[in-house]
J.: 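The structure that follows is given in the form of structure tokens.
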Amino acid sequence: MKEFIKQLILGGARRAFDKGLLKSDDFPEMEIEAPRHEAHGDISTNFAMVSASSQKMAPRKIAEAVISCMDPASVIEKTEIAGPGFINFFLASRAWYPTLDRIVKEDDRFGCSDFGAGKKVQVEFVSANPTGPLHVGHARGAAVGDAVANILSFAGFEVQREYYINDSGRQIRTLGLSVWLRLCQQLGREVEFPTDCYQGDYIKEIAADLHGRMGQELAEKDEAEAVSTCAKFAANVILEGIRADLVDFGVEYDQWFSEESLYASGRVQRAIEDFTARDVIYEKDGAQWFRTERYGDEKDRVVVRNNGITTYFASDIAYHMEKFDRGFDRVIDVWGADHHGYINRINAAIDASGRHSDQFNVILVQLVNLLRNGQPVAMSSRSGEFVTLKDIVDEVGKDAARFLFLSRSYDSGLDFDLEVAKQKTSENPVYYVQYVHARIAGILMKAAAEKVLNDDEHPWAGNKELLVEPEEIKLLKILAAFPETVEKSAATLHPHVIFTYLMELASAFHGYYNRHKVITPDRELSRSRIFLVFAVKAVIRNGLQLLGVSAPERM
RNA sequence: GCGCCUGUAGCUCAGCUGGAUAGAGCAACGGACUUCUAAUCCGUAGGUCGCAGGUUCGAGUCCUGCCAGGCGCACCA
């Protein structure tokens, strides 16, 4: 429709120029958009205003000239010049009817586009160390990462979801030590449990499990070997827990990628050698440094310490090289906001490798403020007392949690109140939207029971031309905007755009529902309205699905 | 000190690559269920878009400087 209007304008402008009403045939890019206020029509363009300088004419004069020379079009009911020179188009109701056919035809693919042109994108998210269960921060990251992946996929990208497992380095050794010391305690040995070890009860449980399986065997090994065995075992158990918790949260990955494998395959070593050969890595004070400053970081960063041990940055360089080697056109990392200082150095590594860091995006998810009845909930991973992702799913449910995490831009911090989240009140937007779906399901069931439709008829059998109420036209307009909303969400990597859209659609539906009966004594009218609400139901379902929220048939 | 994010109604937040009269929800007040689910709807009230400059036909939106809050600034991960 926007393209149609654009051609209409350009056609009018060209003819106006031929007639001598315009002074130039150099027409600048115009914007075609839906105005904020309904009084300003359905579609509006700033053509006359942006043309003012090249035409050396007043915008309103330009608009007059263009409109006078425009082809007539039956879907346009009225054209007006408004404000400083906007050209507003008012569309006839029937301009919106084809949307319904498209929704029925595309069904669960309605909203898709080829915006991404099949480009390969990797979305890596959560990637928490396997040293303990996932907590609220991870939950927000999981909701965002998964939704972004859904949206990109819907918008025509080929998406891969990945979890990076930090199964190497000091934290894993600390994990092994923590389990080993707990196991020693269970073996009856007098050992001190350091404060920098993991304090949570899950460590004791893992130790007890291991104790039962191979306690004696471990007790006879030397400590280093025992710690290493404990580390491997514990990381596996915890990772399995993480995987299961994520599945319960509706998140599944295409690939789990091990940091350790980067060392095992020699990739880290190769990356270091490669960059050293190109003088991007150099030696100073006995350590190996990466010239990140040359690529915009505030200073150079160590990749190999003077004790010969690589830093986390070293494997991260190798990891990101590996991602691009796998053929992704675009790589997206979802990180907690506390890691923002890391962006520059990864960008530097990518630029230094000859690739372009604009193929790499980091989604920084701001922190979650966990509350209960307005009071902050103490979160201390040190003491092992924190609210886990599993706790949240158990207490408030997957749908409410995901919907709330995606209700705001991740650029802002989020207050997540457990009590509000689990209440089934109007303060909780998830039910507002799901209710639309359930209500329509109820209507369709009643329609079937009352034989409004014949047994062999689809819900889309009705005559669209009978949809003339303002509330119906409004719904049609919102439905028509879904594909561009998905596209916008994909372009900006912001899932909350979908949230906002769903709230608007839900609000329009509830208003309609309260004002008009779908099933009326007039059978023909009923059939038309069934067509409409059937389409609303499909779009609500598609939108919720992008956010990873279910669309219930009844509530 | 430096960097990233944020500052819009009493509260929580939308506001698309600058566009016309800044919008929702909650809370407040007043209404609507013998009706397809009231987990809903309709109405009223509520704003110096943190402050000050700048850019231009036009700024909540872009630039600069302040102020306030959150988070980071390791040979940790």
Side-chain angles (χ1 to χ4, degrees), chain A residues 31 33-37 39-40 44 46 49-50 52-53 58-59 82-86 88 129 131 166 168-172 174 259 284-289 298-299 301-307 309-313 315-316 336-344 362 364-367 369 374 407-415 417 420 423-432 434-436 438-447 449-450 452 484-485 488-489 491-492 494 496-497 499-500 503-504 506-507 509-520 526 529-530 533 554-555:
Chain A
E31 278 181 33
E33 58 182 15
R36 252 203 302 238
H37 298 282
H40 298 144
S44 171
N46 61 356
M49 285 138 76
V50 294
S53 61
F86 288 101
N88 295 336
N129 295 336
T131 53
N166 295 118
S168 169
R170 208 184 66 180
Q171 294 200 35
I172 288 295
T174 305
E259 179 187 11
K284 190 182 86 182
D285 304 333
Q288 305 288 322
W289 299 71
E298 51 191 88
K299 58 179 239 183
R301 308 288 174 175
V302 170
V303 284
V304 184
R305 290 178 259 170
N306 60 13
N307 61 9
I309 295 176
T310 53
T311 62
Y312 183 85
F313 183 37
S315 52
D316 239 4
D338 50 341
H339 289 82
H340 72 84
Y342 216 72
I343 297 175
N344 279 340
V362 176
L364 274 187
V365 181
Q366 295 295 319
L367 302 184
N369 212 354
S407 66
R408 310 284 184 234
S409 165
Y410 48 68
D411 292 331
S412 294
L414 180 76
D415 288 341
D417 194 308
V420 172
Q423 273 168 27
K424 301 189 173 182
T425 66
S426 47
E427 262 186 274
N428 206 338
V430 68
Y431 304 109
Y432 186 76
Q434 287 184 321
Y435 193 35
V436 173
R439 269 185 154 172
I440 296 173
I443 293 170
L444 294 176
M445 250 182 301
K446 183 175 170 178
E450 296 187 3
V452 179
E484 65 201 63
T485 304
K488 181 173 127 195
S489 177
T492 59
H494 271 109
H496 79 275
V497 169
F499 170 91
T500 307
M503 292 299 285
E504 190 190 355
S507 167
F509 173 78
H510 286 310
Y512 174 58
Y513 180 94
N514 272 274
R515 187 148 186 170
H516 302 284
K517 302 269 306 179
V518 171
I519 297 171
T520 66
S526 304
R529 291 181 173 175
I530 286 168
V533 299
R554 83 186 52 183
M555 289 169 69

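Residue numbering restarts at 1 for every chain, and letters A, B, ... go by the order of the sequence lines.
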J.: Tell me, do A:Gln366 and A:Leu414 make a side-chain contact under 4.5 Å, heavy atoms counted?
T.: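 The answer is no, as the side chains (C-beta and beyond) never meet within the 4.5 Å cut-off.
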J.: Counting distance alone, no hydrogens or angles: does the base of B:A77 have a donor or acceptor under 3.5 Å from a partner atom on the side chain of A:Thr311?
T.: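 Result: no qualifying N/O pair found.
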J.: Just checking A:Leu364: base, sugar-phosphate only, or nothing, at a heavy-atom cut-off of under 4.0 Å?
T.: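 Since only primed, P, OP1 and OP2 atoms lie under 4.0 Å of A:Leu364, the category is sugar-phosphate.
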J.: Roughly how many Å is it from CZ in A:Arg36 to P in B:G15, rounded to a whole number?
T.: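 My rounded result for the distance is 12 Å.
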J.: Counting side-chain heavy atoms from C-beta on, which of B:G72, B:A77, B:G15 comes nearest to A:Asp338?
T.: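 Selected nucleotide: B:G72.
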J.: Using the P atom in both, what is the distance from B:U34 to B:A20, to the nearest Å?
T.: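 Straight-line distance between the two P atoms is 43 Å.
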J.: Give one of base, sugar-phosphate or nothing for A:Leu367, where a contact means two heavy atoms less than 4.0 Å apart.
T.: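 Contact class for A:Leu367: sugar-phosphate only.
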J.: Looking at A:Tyr513, does any N or O in its side chain come under 4.0 Å of the phosphate oxygens OP1/OP2 on B:A38?
T.: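 For B:A38, OP1/OP2 do have a side-chain N/O of A:Tyr513 under 4.0 Å.
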J.: In whole Å, what is the span from the OH atom of A:Tyr342 to the P atom of B:C4?
T.: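 Interatomic distance, OH of A:Tyr342 to P of B:C4: 19 Å.
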J.: What integer distance in Å separates A:Arg554:CZ from B:A39:P?
T.: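 In whole Å, B:A39 P and A:Arg554 CZ are 16 Å from each other.
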J.: Does A:Asp316 make a side-chain donor-acceptor contact with the base of B:A77, cut-off 3.5 Å?
T.: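 No.
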J.: Counting Watson-Crick and G-U wobble pairs only, both distances under 3.5 Å, name the nucleotide matched with B:A14, or none.
T.: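 Base partner found: none.
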J.: Taking all atoms of both residues into account, what is the closest heavy-atom pair of A:Ala438 and A:Arg554, and its distance?
T.: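 Minimum heavy-atom contact is CB-CA, 3.8 Å.
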J.: Examine the base of B:C5 for any acceptor or donor lying under 3.5 Å from a partner atom in the side chain of A:Asp411, and report the outcome as yes or no.
T.: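 For A:Asp411, whose side chain was compared with the base of B:C5, there is no donor-acceptor pair (under 3.5 Å).
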J.: Measure from the ring centre of A:Tyr432 to the centre of the six-membered ring in the base of B:A39, then say whether that distance is under 5.5 Å and the planes meet at under 30°.
T.: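 One would not call A:Tyr432 stacked on the B:A39 base.
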J.: Please give the nucleotide sitting opposite B:U34 as a Watson-Crick or G-U wobble pair, both distances under 3.5 Å, or none.
T.: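 Its partner is none (no Watson-Crick or G-U wobble pair with both distances under 3.5 Å).
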J.: A:Arg515 near the nucleic acid: base, sugar-phosphate alone, or nothing, with a heavy-atom cut-off under 4.0 Å?
T.: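 Result for A:Arg515 = nothing.
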J.: Can you tell which of B:A77, B:U40, B:A20 lies closest to the side chain of A:His510?
T.: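 Minimum distance to the A:His510 side chain belongs to B:U40.
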J.: Using a cut-off of less than 4.0 Å, is there contact between a side-chain N or O of A:His37 and OP1 or OP2 of B:G23?
T.: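 Checking A:His37 against B:G23: at least one side-chain N or O falls below 4.0 Å of OP1 or OP2.
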J.: On a whole-Å scale, what distance lies between the P atoms belonging to B:U64 and B:U6?
T.: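 Taking atom P in both B:U64 and B:U6, they lie 14 Å apart.
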J.: B:G19, B:U21, B:C36: which one has an atom nearest the side-chain heavy atoms of A:Pro84?
T.: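 My answer, after comparing the listed nucleotides, is B:G19.
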J.: Would you say B:U6 has OP1 or OP2 under 4.0 Å from some side-chain N or O of A:Arg408?
T.: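 Looking at the OP1 and OP2 atoms of B:U6, neither is under 4.0 Å from any side-chain N or O of A:Arg408.
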J.: What's the base orientation of B:C33: syn (chi within 90° of 0) or anti?
T.: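 Syn.
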J.: Tell me which nucleotide among B:A77, B:A14, B:A74 gets nearest to the side chain of A:Arg305.
T.: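 Of the options given, the side chain of A:Arg305 lies nearest B:A77.
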J.: For the residue pair A:Tyr512 and A:Phe509, does the interplanar ring angle fall in the parallel (under 30°), tilted (30 to 60°) or perpendicular (over 60°) class?
T.: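 Aromatic pair A:Tyr512/A:Phe509 classed perpendicular.
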J.: Provide the closest heavy-atom pair for A:Tyr342 versus A:Asp316 in the form atom of the first, atom of the second, distance.
T.: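 Looking at all heavy atoms of both residues, the shortest contact is CE2-OD2, 3.2 Å.
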J.: For the residue pair A:Val452 and A:Ile530, establish whether any side-chain heavy-atom pair is separated by less than 4.5 Å.
T.: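 Yes, their side chains come closer than 4.5 Å.
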J.: I want to verify a distance call: between B:C36, B:A38, B:A14, whose nearest atom is closest to the A:Arg439 side chain?
T.: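 Of the options given, the side chain of A:Arg439 lies nearest B:A38.
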J.: Say you pick atom P in B:G23 and the same atom in B:C49; how far apart are they, in whole Å?
T.: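 Roughly 14 Å separates the two P atoms.
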J.: When rounded to the nearest Å, what value does the distance between C1' atoms of B:G7 and B:C66 take?
T.: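 Result for the C1' pair: 14 Å, nearest Å.
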J.: Hey, does A:His496 reach any base, or is it just sugar-phosphate, or nothing, if we go heavy atoms under 4.0 Å?
T.: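 Here A:His496 touches the backbone only, sparing every base.
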J.: Is the ring of A:His340 stacked on the base of B:G72, with centres less than 5.5 Å apart and planes under 30° off?
T.: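 It does not: the two rings, one from A:His340 and one from B:G72, miss the stacking criterion.
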